[in-house]
Amino acid sequence: MTTYTAPFPANRPRRLRRTDWMRDLVRENVLTAADFIWPIFVMEGTDASEPVPSMPGVERLTVDRAVLAANEAANLGIPVIALFPYTPTHLKTPDCEEAYNPDNLVNKATRAIKAAVPDIGIMLDVALDPYNSNGHDGIVQDGVILNDETLMVLERQALCHAEAGADILGPSDMMDGRIGVIRRALEQNDFPDVVIMAYSAKFSSAYYGPFRDAVGATGALTGDKSTYQMDAGNSDEAMRMIARDLSEGADMVMVKPGQPYLDICQRVNTEFNAPTFAYQVSGEYAMIEAASANGWVDRDKIIVESLMAFKRAGCSGILTYYAFEIAEKLAKPY
Ligand code: PBG
């Protein structure tokens, strides 16, 4: 890009930074409520909520409370909520049958929200970890995470989520071939309009720790996820994963975690002409909260700055636990 500037003093870049209104006028990127997907944790019970200890300020909600939350989110202009289940331990099995139970937590929540708040989009993860007694995203046999056997379960899970009314499916498991299998199943079963947001560049990350607490998978997980999630040292491989998932029928792609992988976000946005999302994950949230609680950083400012980075990197939107709070702030007249 060629830039034409006069030499100093004819050119004084500070002229454009002098006042609030001038900075507002020339700002290249803005945040709006429409940029956000809000993840919500759902649990059994009625009219109750409980805190997630490693994510201060985030609560698990019963289905009826999730409906209220969805309604408020819709009123703030948040386009999509993503539902994650806190599955009771007795329903977790090595075969993960609960993943395709039509009445599992997220399916119940999806139906209830669709009935009460038709104008908000619902995204559901397609992955087995919340339902697996060993905490992995795939079927495990003799310590090995099986790929093709997992695909058969993911297919059933995807169909029962589509049946429940999910608008967007987010395959987050990183098994090979999953997007193609799910897309074909959706087409064959009369769900041509269900969107797939592929967790394509999903790295094996310590930043997911608090989430695993939130869905109750921490104690269950043996080993780590590095035989299926990506290695933190790889960037070209991420591009190959994006290309693969788009060619198998993904409509949108995701980079995850967010802030530590902003270089990946920017590369995806530059190299692919597809809607790209970033997930500001639980560990990113927990770090901001912990530093803020200690008075080490200015919480409100650092949240907005952390979210703005994704817009600057070219993302279409951001999955963030701050969605509701920031949408509420953006809705206030200023
Ligand atoms: C499950 C899944 C994970 C997250 C979203 N879906 C955890 C994992 O892969 O272990 C992480 C979200 C977060 O950390 O906020 N497949």
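In each ligand, atom 1 is the first atom listed, and ligand 1 is the first ligand listed.
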> Numbering the atoms of ligand 1 from 1, which are under 4.0 Å from a heavy atom of R212?
8 (C), 10 (O)
> I want to know whether F324 and F36 have ring centres closer than 6.0 Å.
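Not close enough - the centres of the two rings lie 6.0 Å or further apart.
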> Assess K202 for proximity to ligand 1: is some non-hydrogen atom of it under 4.0 Å away?
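Yes, K202 has heavy atoms under 4.0 Å from ligand 1.
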> Applying side chain to side chain contact (heavy atoms under 4.5 Å, CB included) to N107 and D103, what does each step give before you reach the verdict?
CA-CA 6 Å; N107 285 334; D103 287 319; over 6 Å; no
> Is there a heavy atom of Q229 sitting under 4.0 angstrom from any atom of ligand 1?
yes
> Can you name the ring pair (Phe, Tyr, Trp, His ring centres under 6.0 Å) partners of Y228, sequence neighbours left out?
H136
> Side chain, backbone, both or neither: which applies to A127 and ligand 1 if a contact is any heavy-atom pair less than 4.0 Å apart?
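It is the side chain that touches ligand 1; the backbone stays farther off.
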> Can you tell me which residue among M175, K225, M174 is in a side-chain contact (heavy atoms from CB on, under 4.5 Å) with I145?
M175
> Which option wins on minimum heavy-atom distance to atom 3 (C) of ligand 1: M55, M254, K256?
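It is K256 whose heavy atom sits nearest to atom 3 (C) of ligand 1.
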> Could you tell me the residue and atom name of the protein heavy atom closest to atom 8 (C) of ligand 1, and the distance to it rounded to 0.1 Å?
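Heavy-atom neighbour on the protein nearest atom 8 (C) of ligand 1: K225 NZ, 3.4 Å.
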> Counting non-hydrogen protein atoms only, what is the nearest one to atom 6 (N) of ligand 1? Give residue, atom name and distance.
D125 OD2, 2.9 Å
> Examine ligand 1 and decide if any of its atoms is less than 4.0 Å from a heavy atom belonging to D173.
no
> So which atom in P130 and which in K92 form the shortest heavy-atom distance, rounded to 0.1 Å?
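For P130 and K92, the tightest heavy-atom pair comes out as O-CE, 3.4 Å.
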> Between Y321 and ligand 1, does any nitrogen or oxygen pair lie at a separation below 3.5 Å?
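Yes, there is a polar N/O contact under 3.5 Å.
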> Quick one: look at V281 and ligand 1, take heavy-atom pairs under 4.0 Å, and tell me if it's side chain, backbone, both or neither.
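Answer for V281: both.
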> Indicate whether the side chain of Q266 and that of N269 have a donor and an acceptor atom separated by less than 3.5 Å.
no
> Which bit of Y279 gets closer than 4.0 Å to ligand 1, counting heavy atoms only: side chain, backbone, both or neither?
side chain
